[in-house]
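Only heavy atoms go into these numbers, but all of them, side chains included; no hydrogens, no water, no symmetry mates. Note that this is a predicted model, so its numbers are computed, not measured. Residue indices begin at 1 and follow the sequence shown.
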Amino acid sequence: MHKAPAAKIRVPMMDPNASIKAPRDPNTLANYHNFVTRHTVAEFEIDFEKKVLRGGVELTFESLTEGETRDIVLDTSFLDITDVKVDGKAAKWNVGQRLEPYGAPLTVTLEQGLPKGKTVTIAVKLSTTDKCTALQWMSPAQTSNKKHPYMFSQCQAIHARSVFPCQDTPDVKSTFEFKLRSPLPVLASGLPTGSHQYEAGTDGKSGTLLYTFEQNVPIPSYLFAVASGDIASASIGPRSIVNTGPEELLECQRELEGEIEPFMKAIDSVVKLPYQWTQYNALILPPSFPYGGMENPVWTYATPSIISGDKQNVDVIAHELSHSWSGNLVSAGSWEHFWLNEGWTTYLERRIAAYVHGEEHRHLSAIIGWKALEESIKLYGEDHEYTKLVVDLKGKDPDDAFSSVPYEKGFHALYAFELLLGKEKWDTFIPHYFETFKFKSLDSYDFKACLLDFFAADAEAAKKLNEFDWDKLFYEPGFPTKPAFDDTLVKTCYTLADKWRTRVESNDTSFTPKKEDIDGWTANQSNVFLERLQSFSESFSPADVHALGEAYGYTTTQNIEVTSRFYTIGLRAKAEETYAPTAELLGKIGRMKFVRPLYRLLEKCDRDLAVKTFEANREFYHPICRQMVEKELFGEEKK
C-alpha cells in the first residue's frame, strides 16, 4: 500500500519552528515541498533502432526551506541512470525500491543543506528503456507511407518519469530547453529555435541534426512532449501550422485552415487574457494516438480521427486550444482535482461553440456530454469514488480514474455557477480567475476561496455562494443536478428516434427509414440520434441494425464519432454483421474513447474475436491504451 509522500520523505524535525508544507499531490514520490524545479534542459538522441532516448537532463532546483534536508527526491520509472552530478561535481545518489504504480525514487544527496531561495543544478545521464510507458515507437510498416519510423510521447498523467527524472506532478512548473538529435524532423513542446550541428551517419546509418526548442512559460512535467518522424507542415493561420505525414498534409490543411483564429477570438471574448504561447500549431499523429487530443504547448497533439472531411470534429481543436488557458496556464495542483483542467476546458470549448455557431450549439454539445457522463457513471456505479468531482487517488494510478466525469461533471459545476449568479455576473469572474492563477497550480479549495473572495462585496452573490452546498459539489458521487438544456437542435433527432422505438419495440413496419430523414443534420445531430437509440438498442433486430446503417450511410461515413455510435448499437443488439467491421476499426484507431468501450462490447458478443483483435494489434496501440485494454480483457476476474 502506498503511503502519502510526506510519510516517506526523510525530513529532519530537529527545529520545532521548522515549517514543512506537505505535498498535496499523492501521486508523486518527489519532495517538492523542500525543493522545486525552476528550469529543465532535456538533451536526448532519438535512437529509432534501439527505441530509446539517450542523453540526459539538467534540472535547476530552488530550496524552499532553510536547509532542512540535503536530499532531493525525484520520480523515475524504468530508467537506466548512469551518472549524477551536482553543480558539475560527482554526487551521492541512489534509486530506491520500485513502488507501483509510481516508479522508483531517485535520491540525490547534497553535501550540505541549501538556504531558502538558493539554487542547485543536478545533471543526470540516462537512457529510457523498453519499459518506458510514455513513448511509442512505430516501425515504417506502421506508418501511412511505410517509409520511415516514427515516435511520439504521451506523458499525462504520470509518465514523464519514465522519460527523465523529474518532480512528476502538476503542482510544479518549470521552464524548458529541448536539444533533440534525430535523423528525422523533430517537434517538442516549445518554440523552435532551429536545427543545428549536422552529424554524418556511420555504418550506413542516416545523418542527424540537433533540433532545439525553448519554452519560457513554466509548464508541468506532463506537458513535456517530443515527436519525430516523416513530418511535413503547412500553414493553417497567421500563427498556426499543421504538421502530419506528407500524404495526409493537404487533407489536414483543408480541414483545419481558417479554424483557429475564430476560436481564438471566441476565447478572448470570455477569458480576456492574451494567448501566452506565441504559436498555436497542431500535430496530427498516427492513428494509434490514445486520446482525441493532448494539449502540449505550442503543438497540440491530435488524433487523425478529427480529420473527417466535413469539419465536423474540429471541436477537438477548440477543446485543446482552450487548454492553453485552463490546464496549461492555470493548472490543477494534483490529479485529484483534474476537473479544474478538464471542466474549465470543456466549459470554454462550449463557449467557443456558442460564439462561433450560436448558443443552441453549446447546449447541443452539453446534451452529448451528458450522455457521455451517463456512460461513465454507469460503468463505475453511482457510488464509486471516481464519480466524484474531487477524487481520492492516494495509492492509485490516475489513469484508472480517467473518464468523462472530470470533463462533464466539471463543466456542470461551472455551468451551475453561471446559472446561480447569472451569466453576466459570472463572466466578470472568469478573467479574474485566469489572471489570478496564471503560471500557477491550484486545487478546488483555492478555486472556492477565489470565487468567494471575488464576490465578497456583492451581497446578493455572496449570500448565494455562502449558502451553496460545496461539500455536495466536491464529494458527492454520481450525477450532478441536470439543468434544462435548449433542445432546439435535438428535437428532430428525438422525433426520429421515437419512430425507431415504435418500429423496433412494437414490430411496426409502417415506418420505413430513408436518407431524407436526416437531411440537413450535422454529425453531432446524428450522434444525439444514435445515442437516443442506444437507450433501447437491445430491442433492435439484426435486420433493424442493417436498415439503420444502410438508410443513413452510417456504415460508410468517414466520421468515426458517428461510426462508433452505430457499431455500439449493433453490438448491443448482437447484430453479427457489425462484429467484423468493429474489429477492423479497432485495428485502425488507438483513441481510447473508442477503443475501450468497443472492446468491452465486442468481448460480450464474441470474446475470441475481441482477444484475437487485441493480440493482432497489441503493438499498434500506445502503451497507455494497451495497458488499459489488457486490464479489461485479462483482469483477474477474467483469468
Side-chain angles (χ1 to χ4, degrees), residues 24-27 156-158 169-171 222 295 319 322-323 325-327 330-351 365-421 426 429-430 433-434 436-437 440-452 454-455 464-483 485:
R24 60 180 166 184
D25 182 355
N27 304 130
Q156 193 183 59
I158 57 171
T169 167
D171 216 10
Y222 76 87
E295 61 272 17
H319 183 91
S322 298
H323 267 305
W325 287 265
S326 53
V330 177
S331 308
S334 85
W335 303 109
E336 296 184 323
H337 302 270
F338 189 41
W339 77 274
L340 288 168
N341 286 5
E342 296 301 349
W344 267 110
T345 300
T346 303
Y347 180 85
L348 292 177
E349 172 198 343
R350 288 173 183 159
R351 291 296 296 265
S365 177
I367 289 168
I368 294 171
W370 186 269
K371 179 63 166 57
L373 180 62
E374 287 181 337
E375 292 295 322
S376 290
I377 292 177
K378 179 182 177 182
L379 179 65
Y380 284 126
E382 287 195 37
D383 294 328
H384 197 281
E385 177 70 27
Y386 294 164
T387 67
K388 296 177 182 178
L389 199 61
V390 177
V391 295
D392 181 357
L393 292 178
K394 295 178 182 65
K396 306 292 178 59
D397 185 342
D399 285 339
D400 290 342
F402 183 84
S403 74
S404 299
V405 173
Y407 295 73
E408 297 301 336
K409 201 165 182 177
F411 163 79
H412 281 282
L414 300 171
Y415 187 52
F417 289 120
E418 178 188 315
L419 296 177
L420 179 70
L421 300 170
W426 165 249
F429 170 73
I430 295 174
Y433 170 79
F434 285 100
T436 299
F437 293 108
K440 301 176 184 176
S441 301
L442 77 158
D443 58 27
S444 301
Y445 319 115
D446 296 324
F447 165 79
K448 175 184 175 181
C450 183
L451 184 60
L452 291 173
F454 182 77
F455 286 110
K464 290 179 178 179
L465 290 171
N466 284 316
E467 292 175 351
F468 186 81
D469 192 340
W470 290 92
D471 284 347
K472 179 179 179 180
L473 178 75
F474 290 157
Y475 308 122
E476 184 171 274
F479 290 96
T481 301
K482 186 175 183 179
F485 297 121

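- Closest of all the heavy-atom pairs between Gly381 and Thr387 is O-CG2, 3.5 Å.
- When side chains are defined from C-beta on, Leu419 counts as touching Pro483, because their heavy atoms get closer than 4.5 Å.
- Annotation: Tyr347 is not in aromatic contact with Trp339 [ring centroid separation under 6.0 Å not met].
- Using cut-offs of 30° and 60° for the angle between ring planes, the Tyr445 and Tyr475 rings count as tilted.
- For the pair Pro398/Ile158, a side-chain contact is recorded, criterion being any heavy-atom separation below 4.5 Å from C-beta on.
- Listed by chain and number, the residues in a salt bridge (charged side-chain N to carboxylate O under 4.0 Å, His left out) with Glu382 amount to none (sequence neighbours excluded).
- The main-chain N or O of Trp335 is never found under 3.5 Å from a side-chain atom of Asn27 such that the two would form a donor-acceptor pair.
- In this structure, a donor-acceptor pair under 3.5 Å is absent between the side chains of Glu295 and His319.
- A distance of 6.0 Å or more separates the ring centres of Phe411 and Tyr407.
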| query | Should Trp470 and Ser444 be marked as a side chain to side chain donor-acceptor pair (under 3.5 Å) after you check the CA-CA gap, both sets of side-chain angles, and the distance that decides it? | reply | CA-CA 10 Å; Trp470 290 92; Ser444 301; over 6 Å; no
(Q) As a quick check of understanding, evaluate side chain to side chain contact (heavy atoms under 4.5 Å, CB included) for Phe454 and Leu451, giving each step before the final call. (A) CA-CA 5 Å; Phe454 182 77; Leu451 184 60; 5.5 Å; no
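- The closest donor-acceptor contact from the side chain of Ser441 to the backbone of Pro170 lies under 3.5 Å.
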Chi angles and distances behind the side chain to side chain contact (heavy atoms under 4.5 Å, CB included) call for Glu408, Glu342: CA-CA 8 Å; Glu408 297 301 336; Glu342 296 301 349; over 6 Å; no
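- Under the 4.5 Å side-chain criterion, counting only non-hydrogen atoms from C-beta, Phe429 is in contact with Cys450.
- Contact annotation: the side chain of His384 never approaches that of Ser403 to less than 4.5 Å [non-hydrogen atoms, C-beta and beyond].
- Remark: side-chain polar atoms of Glu385 are not paired, donor with acceptor, to backbone N or O of Val391 under 3.5 angstrom.
- Contact detail for Ala157 and Asp399: the closest heavy-atom pair is N-OD1, 3.8 Å.
- Under a 3.5 Å cut-off, the side chain of Lys409 and the backbone N or O of Gly343 do not form any donor-acceptor pair.
- For the residue pair Asp171 and Gly333, the shortest heavy atom distance occurs at CB-O, 3.2 Å.
- The CZ atom of Phe485 sits 7.5 Å away from the OH atom of Tyr415 when rounded to the nearest 0.5 Å.
- Looking only at side-chain heavy atoms (C-beta outward), Leu373 and Pro480 come within less than 4.5 Å of each other.
- Atom CZ of Phe447 and atom CG of Leu452 lie 9.0 Å apart (nearest 0.5 Å).
- Evaluated for a ring-ring contact (aromatic ring centres under 6.0 Å, His included) with Trp344, the options Phe437, Trp325, Tyr433 yield exactly one hit, Tyr433.
- Side chain to side chain, Ser365 and Arg350 meet the donor-acceptor criterion of an N or O pair below 3.5 Å.
- To the nearest 0.5 Å, atoms CG (Asp392) and OH (Tyr386) are separated by 8.5 Å.
- Leu465 contributes atom CG, which lies 6.0 Å from atom CG of Leu420 (distance to the nearest 0.5 angstrom).
- Counting heavy atoms from C-beta on, the side chains of His412 and Phe479 never come closer than 4.5 Å.
- Atom-to-atom distance recorded for Arg351:CZ and Ile430:CD1 is 5.0 Å, nearest 0.5 angstrom.
- The main-chain N or O of Leu421 is never found under 3.5 Å from a side-chain atom of Lys464 such that the two would form a donor-acceptor pair.
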Original post:
Going through the distances and angles, do Phe417 and Phe468 end up as a ring pair (Phe, Tyr, Trp, His ring centres under 6.0 Å)?
Top reply: CA-CA 10 Å; Phe417 289 120; Phe468 186 81; 4.9 Å; yes
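- Going from atom CG of Leu389 over to atom CD of Glu476 covers 11.5 Å, rounded to the nearest 0.5 Å.
- By the side-chain hydrogen bond (donor to acceptor under 3.5 Å, both in side chains) test, Ser326 pairs with Thr345, sequence neighbours left out.
- Listed here is the closest heavy atom pair of Leu340 and Leu442: CD1-O, 3.9 Å.
- Residues Glu336 and Pro26 meet the side-chain proximity criterion, which asks for heavy atoms closer than 4.5 Å.
- Between the side chain of Asp446 and the backbone N or O of Asp443, at least one donor-acceptor pair lies under 3.5 Å.
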